[in-house]
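All values below were derived from every heavy atom in this structure, side-chain atoms included, with hydrogens, water molecules and symmetry-related copies excluded.
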2 protein chains.
Amino acid sequence: MDLRHLRYFVMVAEEGHITRAAERLGIQQPPLSRQISQMERELKVQLFRRLPRGVSLTSAGQAFFSEAKAILSRLDHAVETAQRTARGEQGTLCIGIAPTAPFNPLVPLAIRSFRETFPRVSLILQEGLSNEIVGQFEREQMDVAFVRARQIHAEGVSVAALQEEPLVAALPSRHTLARTRTKPLQLRSLSSDSFIMIGPPGTGLYDETVAACRAAGFVPRLGQPAPRITSTLGLVAAGLGIALVPSTLQGARMTGVVYRRLQDPTPKAFLGLAWRRSNPSPILRNFLGLVRGMAERRAPEHHRAAKTANDDRSRT
Amino acid sequence: MDLRHLRYFVMVAEEGHITRAAERLGIQQPPLSRQISQMERELKVQLFRRLPRGVSLTSAGQAFFSEAKAILSRLDHAVETAQRTARGEQGTLCIGIAPTAPFNPLVPLAIRSFRETFPRVSLILQEGLSNEIVGQFEREQMDVAFVRARQIHAEGVSVAALQEEPLVAALPSRHTLARTRTKPLQLRSLSSDSFIMIGPPGTGLYDETVAACRAAGFVPRLGQPAPRITSTLGLVAAGLGIALVPSTLQGARMTGVVYRRLQDPTPKAFLGLAWRRSNPSPILRNFLGLVRGMAERRAPEHHRAAKTANDDRSRT
DNA sequence: TCCATGCCATACCTCAAAGGTATCAAGATC
DNA sequence: GATCTTGATACCTTTGAGGTATGGCATGGA
């Protein structure tokens, strides 16, 4: 049997009239007549009763009719779903988010904008540090991630720069340098403090912090490591050390913590978008396009220069 | 698009290999290749990625794949449903039942046997007197009914006789004639009693009772009319009158009611099956066949003679 | 580097079957 | 009984599905 048969059958059933159904189908009556009786022979079921005027469904025909209509509409639906999926408008996208990323307004803005543009895509948001995200990319459990690391050490994963934001020092409010809030701080002046790090070496902020201190001429003394950004600030507030954090973190006010800008050359925190280049998901393409477009609009002059990837063939 | 396309697509998706899929489909590789790409062109969606070895579904292809499989299996299901419906094995049958009919074992036996033989047919059982059933037949709300009336006064409704059972007298236990339980009673001897009737004139038992009394040489005095058989027996037990009831009613023992057989010529209660001759439902055919076969097996000698209908063209 | 292999795509041919035209047959209608 | 309506049948045309032969591309081993 053929979909044509189903379509013809449904039309005849709805019209109750082969000639009229043929007209609406844009064919002649005899072929339609033949298709119907052929279908009946194939199913070994009489679908219509031939009346003096027109035809009417038998009970078997009625049963088949409702199924046939459902099948046809389901097919239409399937086609639309496939097309939407191909256009990246439907499906699932798994987004990794570095713990400090959501403080940068670009991240929530991008996600909200994507949701609005592609309402049929369901997003799975997953917090994770760069090193945790590596594994997820390799297991193909993640499509894209907002990261703080300039490179992700996994085969075929690119990182596109979105923004560079200044690092600021988070100090306990009783710290001697916490008084003069307006003047930028010399990073050197923190060389004897303990640095509270988020996550192990290899993650974005860890590496940026160490690099910044090196550039300022000292090796940071490592304090208590903290698993999450909130606990980092908690430890700072408790006076257990200081931390360098992206400036947007200042949005997270915490009693007992004071933020101080740093003097030139201001160390920078990186915010980037990582994805597997071989991932063909059209949803991913849409997401990359939207987020990168957004980042360019917000900082067009930085973008080109900062754009990078973990290997030379950085075209998506 | 065609069902063939769907089937081919599913096979290729399952094999991940056009050549192998073609083999399993019993066709050559080139036509299959063409059908697939034709389908992709028609849907304007790339369903497969061509790999060096074989093909793999794109995300759109995956979305379409699960739908396609569901559609195909639903189609199979639809065909089976239609065939079962045509054979009268699936659907709905609305059965009317006269209030006194279920006491005759034939009725519950027939219904149970039908249920077991055709488990996919859902039965709607509806109690009703002959005169109520007429309207339901005319509105095509009823397919078949166990009735006590020998004729149903509705156009095109036939009644087939199933059984004739003796009428017995239901007497209050304090009735003078309730003592001698073994000897059959003269119907005449009840001529001065009030008769409790179930339902109005035109219903089966009413007419049979009046006819029996007429034959015995008197016109029955009508007592309180009763809507249901149970209330009839209640009124008898209360001493408000007597009733003639089918002998199988004796199964419904009720304190205060005594049953007495009647002397020859024993008046008879009729049990028949009514249906619209123009009703083409195959389920109805099956039901008629099963019940009539059952009745013949239980009373083969009565059946032929008693068979009747409300007009001359009594073939189904 | 080159050849063999595996696999999909393309070109061209054949033939089944879908659609078209003409006409018949059976009821309904007046 | 003539006419209309409507589905069925006969026969022809044409579309397109399937077959055969072959090309093209990537992989993998010598």
A.B. asks: Any chance you could lay out the side-chain hydrogen bond (donor to acceptor under 3.5 Å, both in side chains) test for A:Arg120 and A:Gln90, step after step, and finish with the verdict?
C.D. replies: CA-CA 5 Å; A:Arg120 289 172 192 271; A:Gln90 185 165 353; 4.6 Å; no

A.B. asks: From the 5' end of DNA chain C to its 3' end, which nucleotides mark the outer limits of contact with chain B, defined by a 4.0 Å heavy-atom distance cut-off (strictly under)?
C.D. replies: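 Going 5' to 3' along DNA chain C, contacts run C:dG6 to C:dT10.
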
A.B. asks: Under the rule for ring pair (Phe, Tyr, Trp, His ring centres under 6.0 Å), what residues qualify as partners of B:Phe114, not counting sequence neighbours?
C.D. replies: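 Listed in chain order: B:Phe118, B:Phe287.
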
A.B. asks: For D:dG7, does OP1 or OP2 lie under 4.0 Å from any side-chain N or O of A:Thr19?
C.D. replies: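 Yes, within the criterion.
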
A.B. asks: Encode nucleotides 14-30 of chain D as B, S and - characters from 5' to 3', where the letter depends on protein heavy atoms closer than 4.0 Å: B to the base, S only to sugar-phosphate, - to neither.
C.D. replies: ---SBBBB----SS---

A.B. asks: Let me have the donor-acceptor pairs involving side chains of residues 75-82 of chain A, under 3.5 Å, with sequence neighbours excluded, atom names and distances please.
C.D. replies:
{"from": "A:Thr81", "atom 1": "OG1", "to": "A:His77", "atom 2": "O", "distance (Å)": "2.9"}

A.B. asks: What pairs meet the ring pair (Phe, Tyr, Trp, His ring centres under 6.0 Å) rule with one or both residues in residues 18-41 of chain A, with sequence neighbours excluded?
C.D. replies: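 Found none.
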
A.B. asks: Check side chain to side chain donor-acceptor pair (under 3.5 Å) between A:Asn286 and all other residues, then give those that pass, not counting sequence neighbours.
C.D. replies: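 Here no residue qualifies.
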
A.B. asks: With A:Arg7, which residues qualify under salt bridge (charged side-chain N to carboxylate O under 4.0 Å, His left out), at least two apart?
C.D. replies: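 None.
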
A.B. asks: Which atom pairs, donor and acceptor, lie under 3.5 Å between side-chain atoms of residues 21-31 of chain A and protein residues at least two apart or in another chain?
C.D. replies:
{"from": "A:Arg24", "atom 1": "NH1", "to": "A:Glu15", "atom 2": "OE2", "distance (Å)": "2.5"}
{"from": "A:Gln29", "atom 1": "NE2", "to": "A:Ser33", "atom 2": "OG", "distance (Å)": "3.4"}

A.B. asks: Starting at CZ of A:Arg50 and ending at C1' of D:dT6, how long is that distance when rounded to a whole Å?
C.D. replies: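 Atom CZ in A:Arg50 sits about 12 Å away from atom C1' in D:dT6.
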
A.B. asks: Contact list please: residues 56-67 of chain A against DNA chain C, heavy atoms, distance less than 4.0 Å, in numerical order.
C.D. replies: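 Residues of residues 56-67 of chain A that come under 4.0 Å of DNA chain C do not exist, since none gets that close.
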
A.B. asks: Name all residues meeting the salt bridge (charged side-chain N to carboxylate O under 4.0 Å, His left out) criterion together with A:Glu132; count only those two or more places apart in sequence or in a different chain, and write none if there are none.
C.D. replies: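 Partners of A:Glu132 by the salt bridge (charged side-chain N to carboxylate O under 4.0 Å, His left out) criterion come out as none, since no residue qualifies.
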
A.B. asks: Could you check how far CD of A:Glu40 sits from P of D:dG7, rounded to whole Å?
C.D. replies: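 It is 13 Å, rounded to the nearest whole Å.
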
A.B. asks: Under the side chain to side chain contact (heavy atoms under 4.5 Å, CB included) test, which residues partner B:Val55, sequence neighbours left out?
C.D. replies: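 Testing B:Val55 for side chain to side chain contact (heavy atoms under 4.5 Å, CB included), a comparison that skips the adjacent residues, returns B:Val12, B:Ile18, B:Phe48, B:Arg50.
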
A.B. asks: Name all residues meeting the side chain to side chain contact (heavy atoms under 4.5 Å, CB included) criterion together with B:Val134; count only those two or more places apart in sequence or in a different chain, and write none if there are none.
C.D. replies: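 With sequence neighbours excluded, B:Val134 shows a side chain to side chain contact (heavy atoms under 4.5 Å, CB included) to B:Glu138, B:Ile152, B:Ala154, given in chain and number order.
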
